[in-house]
J.: 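Just dropping this structure here.
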Amino acid sequence: MMLRQLAILLLLVGFGVAVAQPPALTPASNWRYDELVLTNGAKFQGLILSEGPDGIRFQTVSRPPGRPTVTLTSLFTTAEIAKVNRLSDADRKVLQERLSELDPRGEGERKRMESLELVVADWPGQPDGAKRYSSEYFTLICSGSEELTRRSAIRLEQIYAAFTRILPSNAPDARPTQVMLATDPDEYRALLGPLGEGNLLNPAVFDLQSNRVLCGSDLKRLGTELQAARIHHAQEIVALGRYEETVRKLYKKPELDRYLELVDRDRKRVWAADSANGKKFDQATGRLSSLLYHEAFHAYVATFVYPPRTPAEVKSGKGTGELPRWLNEGLAQMFETAVVEAGELRADWPDPRRLEQAQGWLKGKNGGPLVRLSDLLVSGKDAFLASHSDQRGVAERAYLTSWALAYYLTFERRLIGTPALHKYLIALNSGGESRAAFMELVGQELGPFEKQWHAYLARLLKDGTLAK
């Protein structure tokens, strides 16, 4: 959700000038793998680690929709392997780099968190009441604990790194977006006050005029608990390091190895506890992370990729101008539930909750219906704002319908990133009529298109495939 003169994100769409087009999203992973075919017909995808007379040591890679990548290393004997399909050297190097960036036990994240440089910052009404972390694309100011600030900063670093891979920055002079994370509802309302939106029910907003993302939460207690655990774990790691130095001076192999194994075991115990805290944080802040991803995506593309253009600038070929509001919000929702890992953003499956709700509405169940296509195409920001509880239903319908249409255009019609969408945006932002421009985009009248779209939604499964 965005305020004032809203920056409309433009996903995988080129300017009106010579800019390389990023690859379009596809529902399947674009990772390439070595493949083993066994004599019993089973197939395994992953990476060949080593080969010998006895067989192949193989790292199987599984990337289930909506969940982190899982790897498993096994030895497949020569007798059970029927066929080997090997990657090229270039593709093998890419896969090795991607797998090396995975961090299943959380050690890497902890080290990155500890390396972040935080400074004391002012908070409205609270001098020195916050911590600040500065990055190339954003500056995070958090009123919570140091631990909460570090974990939030890491999540934002990951999502921005993924955004840059999808949509490289085209605005080198742009200022980093300021992200303000309040850990108390009253603090959040105070942030919204200068915008004239003190009663806004949306828990996060992006304001283009100030280039700020404002996000509210109630995480003070969790932040304090995580802070205490982090300090305790850091003390344990330091103590283990000192103990290791001592035993290295006192003992020689093979007796030394026995002591070093104990040190390694205890280090792994600490890392495991840290990883568990990370999972606890993600569970408690799942909604917060989704909000940050949503608003950060708006902010990134509006600031660094596709700044707003006037009609005169669009006509002169300086850009396509804004996306319509419904497509802006629809695409942003697609990335709320994305998995971020290895510097990559995966939005390769429909959000199960939204899909179930949309399919229920199509059947006349549990609320709805979806917004009529002809109405959605001309909707503005008011359709997505909820300042009072009685406006929530209208906003919910607008958001869900926008998500469903954006997903359909992205994964079924494959129109995102095409010259047809480029032409559509120019027509819209040069004074063209919204419905006529959309019919030109999809090559159909609104009625037949809407029927096909709804039929697609009814058949769509949670893994992104279609029911037969």
J.: Applying the side chain to side chain contact (heavy atoms under 4.5 Å, CB included) criterion to Phe58, which one of Leu49, Asp34, Val84, Leu47 satisfies it?
T.: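 Result: among Leu49, Asp34, Val84, Leu47, Asp34 is the only option passing the side chain to side chain contact (heavy atoms under 4.5 Å, CB included) with Phe58.
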J.: Can the ring centres of Tyr137 and Phe304 be said to be less than 6.0 Å apart?
T.: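 Under 6.0 Å, so yes.
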J.: Hey, are Arg354 and Glu336 close enough for a salt bridge, meaning a charged N less than 4.0 Å from a carboxylate O?
T.: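 Salt bridge between Arg354 and Glu336, a charged N being under 4.0 Å from a carboxylate O: yes.
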J.: Using 30° and 60° as the class boundaries, would you call the ring planes of Phe438 and Tyr424 parallel, tilted or perpendicular?
T.: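 Phe438 vs Tyr424 ring planes: perpendicular.
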J.: For Asp186, I'd like to know if atom CG has over 12 heavy atoms of other residues, nucleotides or ligands within 6.0 Å.
T.: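 Yes, enclosed.
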J.: For atom CD of Glu356, is the number of surrounding heavy atoms from other residues, nucleotides or ligands below 6.0 Å larger than 12?
T.: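 Counting neighbours around CD of Glu356, 12 or fewer heavy atoms of other residues, nucleotides or ligands fall under 6.0 Å, so no.
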J.: Has the side chain of Arg132 got a donor or acceptor atom that lies under 3.5 Å from a matching backbone atom of Ile141?
T.: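 Side chain of Arg132 to backbone of Ile141, a donor-acceptor pair under 3.5 Å: no, none is there.
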J.: Going by heavy atoms in the side chains, are Trp403 and Leu355 under 4.5 Å from each other?
T.: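 Touching, per the 4.5 Å side-chain cut-off.
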J.: So which atom in Arg212 and which in Leu191 form the shortest heavy-atom distance, rounded to 0.1 Å?
T.: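 Shortest heavy-atom separation between Arg212 and Leu191 comes out as NH2-O, 4.4 Å.
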J.: Sub-3.5 Å donor-acceptor pair from the side chain of Tyr408 to the main-chain atoms of His454, do we have one?
T.: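 A pair under 3.5 Å: no.
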J.: Do Arg435 side-chain atoms and Ser374 backbone N/O form a donor-acceptor pair below 3.5 Å?
T.: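 Indeed, once roles are kept as given, a pair shorter than 3.5 Å links the two residues.
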J.: Please name the pair of heavy atoms, one in Glu322 and one in Leu425, separated by the smallest distance, quoted to 0.1 Å.
T.: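 Closest heavy-atom pair between Glu322 and Leu425: O-CD2, 3.7 Å.
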J.: Is there a donor-acceptor pair closer than 3.5 Å between any side-chain N or O of Glu295 and the backbone N or O of Val213?
T.: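 Checked: no pair found.
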J.: Answer whether the closest heavy-atom distance between the side chains of Ile159 and Leu292 falls below 4.5 Å.
T.: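 Not touching, per the 4.5 Å side-chain cut-off.
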J.: Can you confirm whether Leu214 sits close enough to Asp207 that some side-chain heavy atom of one is under 4.5 Å from a side-chain heavy atom of the other?
T.: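 Not in contact.
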J.: Any donor-acceptor pair under 3.5 Å linking the side-chain atoms of Gln357 with those of Glu396?
T.: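 Yes, side-chain donor-acceptor contact under 3.5 Å.
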J.: Between Glu445 (side chain) and Met439 (backbone), is there a donor-acceptor pair under 3.5 Å?
T.: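 Between the backbone of Met439 and the side chain of Glu445 there is no qualifying donor-acceptor contact (under 3.5 Å).
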J.: Using the rule given for side chain to side chain contact (heavy atoms under 4.5 Å, CB included), can you reason through Thr320 versus Arg309, listing the C-alpha separation, both sets of side-chain angles and the distance that settles it, and then say yes or no?
T.: CA-CA 7 Å; Thr320 59; Arg309 304 292 181 184; over 6 Å; no
J.: Measure up the Phe335 and Phe297 rings against each other and bin them: parallel (under 30°), tilted (30 to 60°), perpendicular (over 60°).
T.: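 Plane angle between 30° and 60°, so tilted.
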J.: Using the side chain to side chain contact (heavy atoms under 4.5 Å, CB included) rule, take Leu405 and Phe449 through it: C-alpha gap first, then chi angles, then the decisive distance, then the call.
T.: CA-CA 11 Å; Leu405 183 53; Phe449 173 87; 3.7 Å; yes
J.: What I want to check is whether the side chains of Glu187 and Ser143 have a donor and an acceptor closer together than 3.5 Å.
T.: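 Their side chains do contain a donor-acceptor pair, which is all the 3.5 Å distance test asks for.
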J.: Between Arg150 (side chain) and Leu116 (backbone), is there a donor-acceptor pair under 3.5 Å?
T.: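 Side chain of Arg150 to backbone of Leu116: a pair is present.
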J.: Closer than 3.5 angstrom, by distance alone: can the side chain of Glu157 be matched with the main-chain N or O of Ser135 as a donor-acceptor pair?
T.: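 Not a single qualifying donor-acceptor pair exists.
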J.: Check the pair His294 / Glu329 against side chain to side chain contact (heavy atoms under 4.5 Å, CB included), numbers first and verdict last.
T.: CA-CA 9 Å; His294 184 116; Glu329 294 297 347; 2.9 Å; yes
J.: If we count only N and O atoms by modelled type, under 3.5 Å, do the side chains of Gln333 and Ser402 hold a donor and an acceptor together?
T.: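 There is no such pair (donor and acceptor under 3.5 Å, judged by atom type) between the side chains of Gln333 and Ser402.
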J.: Compare every heavy atom of Thr149 with every heavy atom of Leu140, then report the nearest pair and how far apart it is.
T.: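 Result for this residue pair: CD2-O, 3.6 Å.
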J.: Answer with yes or no after comparing the ring centroid distance for Phe411 and Tyr456 against a 6.0 Å cut-off, counting only values under it.
T.: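 Judged by ring-centre distance (under 6.0 Å), Phe411 and Tyr456 do not meet the cut-off.
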J.: Walk me through it: do Glu412 and Gln452 pass the test side chain to side chain contact (heavy atoms under 4.5 Å, CB included)?
T.: CA-CA 11 Å; Glu412 178 65 14; Gln452 290 184 9; over 6 Å; no
J.: Testing the basics here: between Pro308 and Ala302, what is the closest heavy-atom pair and its distance to 0.1 Å?
T.: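 Where Pro308 meets Ala302 most closely, the heavy atoms are CD-O, 4.1 Å.
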J.: Side chains of Trp349 and Asp463, heavy atoms from C-beta outward: is any pair under 4.5 Å?
T.: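 When only atoms from C-beta onward are counted, Asp463 and Trp349 do not touch, as no gap falls below 4.5 Å.
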J.: Can you confirm whether Tyr300 sits close enough to Thr177 that some side-chain heavy atom of one is under 4.5 Å from a side-chain heavy atom of the other?
T.: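 Of all side-chain heavy-atom pairs linking Thr177 with Tyr300, none is under 4.5 Å.
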J.: I'd like to know if the side chain of Asn429 and the backbone of Pro311 have a donor-acceptor N/O pair within less than 3.5 Å.
T.: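 No, Asn429 side chain to Pro311 backbone: no donor-acceptor pair under 3.5 Å.
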J.: Kindly give the heavy-atom pair with the smallest separation between Trp123 and Leu181, and that separation in Å.
T.: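 Nearest pair, atom of Trp123 first, then Leu181: CH2-O, 3.5 Å.
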J.: Identify the heavy atoms of Phe384 and Ser379 that sit nearest to each other, and give their distance.
T.: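 Looks like CE1-OG, 4.0 Å.
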